[in-house]
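Working notes, structure below.
What you see is a predicted model, and the numbers here were worked out from it, not measured in a lab. Naming convention: chains lettered A, B, ... in sequence-line order (proteins, then strands); numbering from 1 in each chain. These numbers come from the heavy atoms of this one structure, side chains and all, not from hydrogens, waters or symmetry mates.
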Number of protein chains: 2
Amino acid sequence: MSQAAIAQIFKALGDPVRLQIVQRLSNGAALCLGELSKDLGISRQGARKQIQALVSAKVVQLHPTGREVKVQLDAATLAQSKAFITALEAQWDERLQALKQFTEQ
Amino acid sequence: MSQAAIAQIFKALGDPVRLQIVQRLSNGAALCLGELSKDLGISRQGARKQIQALVSAKVVQLHPTGREVKVQLDAATLAQSKAFITALEAQWDERLQALKQFTEQ
DNA sequence: CAAACATGCAACCAAACGGTTGCATTTTTT
DNA sequence: AAAAAATGCAACCGTTTGGTTGCATGTTTG
């Protein structure tokens, strides 16, 4: 996992509209583009652009079926972003631990 | 934790330069602005802007001491972003579980 | 076949972003 | 007191972003 790829995932999650889309997808079944575009306060094409950003970051996958396109969360990508933060925290804790040992000497 | 605040955290992490800064801070002790600005491939003032973005998102805290300013990771904010992803995954898994039960009937 | 539906494509626009340069200010060091 | 170090502030600039509108295309449904 390159630094750039991780950054792209976070960037994709770093917008209220896209975050709402992701949350809605985690709540229930895979939704098609039209359904997902509702209640976001922006136009269908506007929503489509945001969804495309999620696709580019692989946060979400598209599955065209007939005249509609289903949108599905990519659990693996979410897991990677979580793993990144976990790794940061691990280094952080390690350092705090070392600092504690040093001050206790 | 508002949706907007979470989005701001992810947005702050969604840039290669800022991600590198965060990583460097997790590796070792708190660094001052000047040190942090080195080896990023951009000017000091450019780096300063990126650090300010991290401050606004509360990913990082500033501690002025004399003529220099120390930069420190905010572990609590990182924990919140991780918690958000964990919650997403939980809902996701719950749904998969429900789906499995349904198909097994 | 015609109407309705779900989507795609492209041009356009204001605002935000990522970066620069130049200069002023405060704190150390010598 | 003078030089050096660390930072702040502000203007500027090209590119990206987040959104719009208008219209074309493929797919169901009646």
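- Rounded to whole angstrom, the span from the NE2 atom of His63(A) across to the P atom of dT7(C) amounts to 14 Å.
- When all heavy atoms are compared, the tightest approach of Leu33(B) to Arg48(B) is CD1-NH1, 3.7 Å.
- Within the nucleic acid shown, Gly46(B) comes within 4.0 Å of at least one base atom, counting heavy atoms only.
- The 5' end of DNA chain D is approached more closely, in terms of each residue's nearest nucleotide, by Ala47(A) than by the other of Glu68(A) and Ala47(A).
- Judged by distance alone, with hydrogens and angles left aside, the side-chain atoms of Thr77(A) form a donor-acceptor pair with the main-chain N or O of Lys58(A) at under 3.5 Å.
- Both Arg44(B) and Asp15(B) lie close to DNA chain C; mapped to their nearest nucleotides by heavy-atom distance, the more 5′-ward contact belongs to Asp15(B).
- In this structure, the CD1 atom of Ile51(B) is 16 Å from the C1' atom of dC9(D), given to the nearest Å.
- Nearest nucleotide to the side chain of Gln50(B), out of dT20(D), dG18(C), dG19(D): dG18(C).
- Rounded to whole Å, the distance from CG on Leu36(A) to P on dA6(C) is 13 Å.
- Listed for the Glu35(B) side chain is a donor-acceptor partner under 3.5 Å among the backbone atoms of Cys32(B).
- Under 3.5 Å, the side chain of Gln45(A) and the base of dG22(D) form at least one donor-acceptor pair of N or O atoms.
- Straight-line distance from the CD atom of Gln52(B) to the C1' atom of dT7(D): 13 Å, rounded to whole Å.
- Taking side-chain N and O atoms only, Arg48(B) has no distance below 4.0 Å to OP1 or OP2 of dG19(C).
- For dG19(C), the OP1/OP2 oxygens have no side-chain nitrogen or oxygen of Ser43(B) closer than 4.0 Å.
- Considering only side-chain atoms of Cys32(A), the nucleotide from dG19(D), dG19(C), dT7(C) that sits closest is dT7(C).
- When only modelled atom types and interatomic distance are considered, Gln3(B) and Gln23(A) share a side-chain donor-acceptor pair under 3.5 Å.
- Between Lys49(B) atom NZ and dC17(C) atom P the separation is 10 Å, expressed in whole Å.
- In this structure, Lys70(B) reaches neither bases nor backbone, as no heavy-atom distance under 4.0 Å exists between it and the strands shown.
- If you take CG of Leu54(A) and C1' of dT17(D), they are 14 Å apart, rounded to a whole angstrom.
- Arg18(B) contributes a side-chain N or O that, together with a main-chain N or O of Ala12(B), makes up a donor-acceptor pair within less than 3.5 Å.
- When the C1' atom of dA6(D) is taken as reference, atom CG of Leu33(B) falls 8 Å away, rounded to whole Å.
- One atom, CZ of Arg67(A), and another, C1' of dA6(C), lie 6 Å apart when rounded to the nearest Å.
- If you find the closest nucleotide of DNA chain C to Glu35(A) and to Lys11(A), the one lying nearer the 5' end belongs to Glu35(A).
- The residue among Gly14(A) and Gly66(A) whose nearest nucleotide of DNA chain D is located toward the 5' end is Gly14(A).
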